[in-house]
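Nothing fancy with the numbering, it's 1 onward along the sequence.
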Amino acid sequence: MKTLKEVKVGSTAKVVKLHGEGAVRRRIMDMGLTKGVEIYVRKVAPLGDPIEIHLRGYELSLRRADAEMVEVE
């Protein structure tokens, strides 16, 4: 299992599954991270948190803890 946190800068990944429960999972889905979406990792902050990604035509900064809940291929 590979998570979004492990994707290297400049790489593209596809969302396979969302982990987590309740409000946390709903918040991730509301940001546009749903099954089948292509994600491009643009930047990672110097200390590793947050991660800036490009999806669905917009930029999104995501905390590392949230990125761990997104399984990608």
Side-chain angles (χ1 to χ4, degrees):
M1 177 179 93
K2 185 176 180 183
T3 63
L4 181 55
K5 182 183 102 172
E6 299 163 1
V7 178
K8 303 292 180 198
V9 174
S11 300
T12 303
K14 186 175 181 179
V15 176
V16 175
K17 185 177 180 182
L18 292 175
H19 299 278
E21 296 179 10
V24 176
R25 182 179 175 147
R26 169 89 334 226
R27 186 172 53 85
I28 291 172
M29 290 175 71
D30 288 345
M31 289 188 277
L33 286 163
T34 55
K35 187 176 178 180
V37 172
E38 291 282 326
I39 298 172
Y40 173 73
V41 179
R42 288 194 44 150
K43 293 186 229 174
V44 176
L47 297 176
D49 202 9
I51 299 168
E52 185 177 317
I53 60 175
H54 179 85
L55 72 150
R56 297 182 188 255
Y58 71 96
E59 308 299 323
L60 175 67
S61 291
L62 196 62
R63 290 183 299 192
R64 216 164 140 184
D66 293 340
E68 286 182 42
M69 296 181 198
V70 181
E71 185 178 331
V72 296
E73 62 179 12

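- No path of Ile, Leu, Val, Met, Phe, Trp and Tyr side chains, each step under 4.5 Å between heavy atoms, connects Tyr40 with Leu60, placing them in separate hydrophobic clusters.
- Residue His19 forms a side chain to side chain contact (heavy atoms under 4.5 Å, CB included) with just one option from Arg25, Met1, Glu68, and that option is Met1.
- Between Thr3 and Glu6 the shortest side-chain heavy-atom distance falls below 4.5 Å.
- The pair Glu52-Lys43 counts as a salt bridge, with a side-chain nitrogen and a carboxylate oxygen less than 4.0 angstrom apart.
- Between Val15 and Thr34 there is no side-chain heavy-atom pair separated by less than 4.5 Å.
- Between Leu33 and Ile53 there is a side-chain heavy-atom pair separated by less than 4.5 Å.
- Atoms CD1 and CZ, on Ile39 and Arg56 in that order, are 9.5 Å from each other to the nearest 0.5 Å.
- Of the inter-residue distances, the one linking Glu71 atom CD with Lys35 atom NZ reads 10.0 Å to the nearest 0.5 angstrom.
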Worked verdict on Arg27 versus Asp66 for side-chain contact (heavy atoms from CB on, under 4.5 Å): CA-CA 10 Å; Arg27 186 172 53 85; Asp66 293 340; 3.1 Å; yes
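- A pairwise comparison of heavy atoms in Arg64 and Asp49 identifies N-OD1, 2.8 Å as the closest pair.
- When every heavy atom of Glu38 is checked against every heavy atom of Thr12, the shortest pair comes out as OE1-CG2, 3.2 Å.
- Cluster membership for Val16 and Leu55, using ILVMFWY side-chain heavy atoms within less than 4.5 angstrom, is not shared.
- Between Lys2 and Val7 there is a side-chain heavy-atom pair separated by less than 4.5 Å.
- Atom CG of Leu62 is separated from atom CD1 of Ile51 by 6.5 Å, given to the nearest 0.5 angstrom.
- In terms of heavy atoms, Val9 sits closest to Arg42 at CG1-O, 3.2 Å.
- Of all heavy-atom pairs spanning Ala13 and Val72, the tightest one is CB-CB, 3.8 Å.
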